[in-house]
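Down below is the structure, laid out as structure tokens.
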Amino acid sequence: MEDSDQRARQAVEALLAGDTMSKALGIEVLMLRAGQVRISMQVRADMANGHGICHGGMIFSLADSAFAFACNSHGIKMVAAGAQIEYLAPARLGDTLIASAREQFKTERLGIYDVTVESSSGTRIAEFRGRCARLRAAPGQA
């Protein structure tokens, strides 16, 4: 494993340790490299909307977690500054969704990341683009 990938794993593991939302969703990390991540989540009954399909907020949360892990994989604390999502197909109960994030642009202060969400059968569910900014320390903190 390259040094950058090892640093990425350490950074994401530290972030994930306190990420109760990703844990509650049952998100698992499948692949991790500097600037790239692939995660999965199974669509449960408690994630359904009134139509009996996966709630869009759950799909957004999965994509947002992939985005967060990818943009923090360089060991610099980053937070979302904006995001948008396009829903392309419904996700069904029982589906395993896979979110693949990839870095498009990065500086020490900001970045742009694209995330594709697909079902395990290969159906493209959503496309997400996130913009991140470096987290500034609160006054009095290092």
Side-chain angles (χ1 to χ4, degrees), residues 1-138 141-142:
M1 184 179 296
E2 293 181 25
D3 287 345
S4 62
D5 292 342
Q6 181 62 31
R7 282 192 302 273
R9 179 157 302 283
Q10 291 170 345
V12 171
E13 286 174 355
L15 185 63
L16 189 55
D19 187 345
T20 55
M21 176 57 135
S22 291
K23 290 177 186 176
L25 294 176
I27 290 174
E28 295 182 27
V29 177
L30 304 175
M31 184 278 296
L32 175 61
R33 291 191 183 112
Q36 289 184 290
V37 69
R38 191 173 176 154
I39 62 175
S40 69
M41 174 186 82
Q42 185 170 18
V43 179
R44 306 180 311 240
D46 63 342
M47 297 175 173
N49 65 17
H51 298 293
I53 58 177
C54 186
H55 191 287
M58 299 293 104
I59 297 167
F60 187 96
S61 292
L62 173 67
D64 188 51
S65 287
F67 162 54
F69 298 156
C71 71
N72 280 277
S73 66
H74 296 285
I76 299 169
K77 292 181 181 181
M78 305 293 271
V79 293
Q84 64 184 42
I85 193 165
E86 300 294 332
Y87 298 102
L88 306 173
R92 309 279 179 201
L93 299 184
D95 281 353
T96 297
L97 301 182
I98 300 166
S100 301
R102 61 206 168 281
E103 189 173 87
Q104 299 300 322
F105 175 81
K106 178 195 145 322
T107 68
E108 286 201 19
R109 293 182 48 206
L110 58 99
I112 297 173
Y113 292 77
D114 289 335
V115 182
T116 298
V117 178
E118 297 178 310
S119 68
S120 57
S121 66
T123 301
R124 194 171 345 169
I125 303 296
E127 290 289 338
F128 171 107
R129 173 163 271 195
R131 181 173 48 88
C132 61
R134 189 170 188 163
L135 180 63
R136 293 183 183 162
Q141 293 182 342

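These numbers were taken from a predicted model, which means no experiment stands behind them.
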Distance-minimising heavy-atom pair for Ala66 and Val37:
O-CG1, 3.1 Å
What are the two closest non-hydrogen atoms of Ile59 and Ala91, and how far apart are they?
CD1-CB, 4.2 Å
Write down the atom of Asn72, the atom of Lys77, and the distance for their closest heavy-atom approach.
OD1-CA, 3.5 Å
Taking all non-hydrogen atoms of both residues into account, name the closest pair between Arg44 and Leu93 and its distance.
O-CD2, 3.5 Å
4.5 Å side-chain heavy-atom contact, Phe128 and Val117
no
Under the 3.5 angstrom rule, does the side chain of Ser73 hit a backbone N or O of Gly35 as a donor-acceptor pair?
yes
Search all heavy atoms of Ser22 against all heavy atoms of Ser65 and return the closest pair with its distance.
OG-OG, 2.8 Å
Given side chain to side chain contact (heavy atoms under 4.5 Å, CB included), test Leu97 with Glu118 step by step and report yes or no.
CA-CA 6 Å; Leu97 301 182; Glu118 297 178 310; over 6 Å; no
Output, in order, the C-alpha distance, side-chain angles, deciding distance and verdict of side chain to side chain contact (heavy atoms under 4.5 Å, CB included) for Arg92 and Ile53.
CA-CA 5 Å; Arg92 309 279 179 201; Ile53 58 177; 3.2 Å; yes
Is Arg131 reaching over with its side chain to a backbone N or O of Ala81, donor-acceptor style, under 3.5 angstrom?
yes
Could you check if a side-chain atom of Ile76 sits within less than 4.5 angstrom of a side-chain atom of Glu108, using non-hydrogen atoms only?
yes
Identify the heavy atoms of Gly57 and Tyr87 that sit nearest to each other, and give their distance.
N-OH, 4.4 Å
Taking atom NZ of Lys23 and atom CG of Leu16, what is their separation to the nearest 0.5 Å?
6.0 Å
Can you check side chain to side chain contact (heavy atoms under 4.5 Å, CB included) on Asp114 and Phe67, steps first, answer last?
CA-CA 7 Å; Asp114 289 335; Phe67 162 54; over 6 Å; no
Side-chain contact, heavy-atom cut-off 4.5 Å: Leu25 with Met47?
yes
Any side-chain heavy atom of Thr116 sitting closer than 4.5 Å to one from Arg124?
yes
side-chain hydrogen bond (donor to acceptor under 3.5 Å, both in side chains) between Gln42 and Thr96: does it pass, once the steps are laid out?
CA-CA 4 Å; Gln42 185 170 18; Thr96 297; 4.8 Å; no
Straight-line distance of Ile112 CD1 to Cys132 SG, nearest 0.5 Å
8.5 Å
Side chains of Arg7 and Asp3: does their closest heavy-atom pair fall under 4.5 Å?
yes
Among Met78, Lys106, Gln104, side chain to side chain contact (heavy atoms under 4.5 Å, CB included) partner for Tyr113
Lys106
Using a 4.5 Å cut-off on heavy atoms from C-beta on, say whether the side chain of Leu62 contacts that of Ile39.
yes
Could you tell me whether the side chain of Asn49 and the main chain of His51 form a donor-acceptor pair under 3.5 Å?
yes
Could you measure the distance from the CD atom of Gln84 to the CZ atom of Arg129? Nearest 0.5 Å is fine.
7.5 Å
Atom CZ of residue position Arg102 - does it have more than 12 heavy atoms of other residues, nucleotides or ligands inside 6.0 Å?
yes
State the CG-OG distance between Leu30 and Ser40, to the nearest 0.5 angstrom.
4.0 Å
Can you tell me if His74 has over 12 outside heavy atoms packed within less than 6.0 Å of its NE2?
yes
Side chain to side chain contact (heavy atoms under 4.5 Å, CB included) for Met31 and Gln36? Distances and angles first, verdict last.
CA-CA 8 Å; Met31 184 278 296; Gln36 289 184 290; 4.2 Å; yes
